[in-house]
Amino acid sequence: MTEKMRLAFKYKLRLDRKQEQALRNFSSCCRFAYNALLAQEKEEYQEYLEEA
């Protein structure tokens, strides 16, 4: 029987204010896009259920 070893690494980003703001803006855009697509999927699924 083979044994597997799992490794984990932690990284800490040391950003200046400009980089931190850019990262926050990017994550906000990603969150907005994900939520918009999720809402669209829910709406389409509800329409599918109503048709059946």
Side-chain angles (χ1 to χ4, degrees):
M1 188 178 243
T2 61
E3 292 185 28
K4 294 183 181 180
M5 181 172 36
R6 295 185 182 198
L7 297 175
F9 297 96
K10 285 187 176 182
Y11 295 98
K12 183 172 184 175
L13 299 176
R14 297 174 190 247
L15 307 173
D16 60 24
R17 285 186 179 175
K18 186 176 179 181
Q19 291 171 326
E20 185 177 347
Q21 187 61 40
L23 189 60
R24 286 180 191 267
N25 289 343
F26 176 74
S27 62
S28 294
C29 290
C30 290
R31 185 171 48 249
F32 176 80
Y34 175 81
N35 289 335
L37 290 172
L38 183 61
Q40 182 180 351
E41 286 292 321
K42 284 183 176 182
E43 185 179 314
E44 289 175 3
Y45 183 66
Q46 286 299 322
E47 290 174 4
Y48 168 77
L49 290 178
E50 290 171 2
E51 290 176 1

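Because only heavy atoms are used, hydrogens play no part in the values below, and waters and symmetry mates are left out as well, while side chains stay in.
- Residue pairs satisfying the side chain to side chain donor-acceptor pair (under 3.5 Å) criterion with at least one member in residues 43-52, sequence neighbours excluded, are listed as follows: Q40-E44.
- Under the rule for a side-chain hydrogen bond (donor to acceptor under 3.5 Å, both in side chains), the partners of E20 that lie at least two apart in sequence or sit in another chain are R24.
- Here the side chains of F26 and C30 are in contact, with some heavy-atom distance below 4.5 Å.
- Both Y11 and L7 are members of a single hydrophobic cluster when ILVMFWY side chains are connected at heavy-atom separations under 4.5 Å.
- Taking Ile, Leu, Val, Met, Phe, Trp and Tyr as hydrophobic and joining them when side-chain heavy atoms fall under 4.5 Å apart, one finds L37 isolated, its cluster having no other members.
- Smallest separation of non-hydrogen atoms from Q19 and D16: N-OD1, 2.8 Å.
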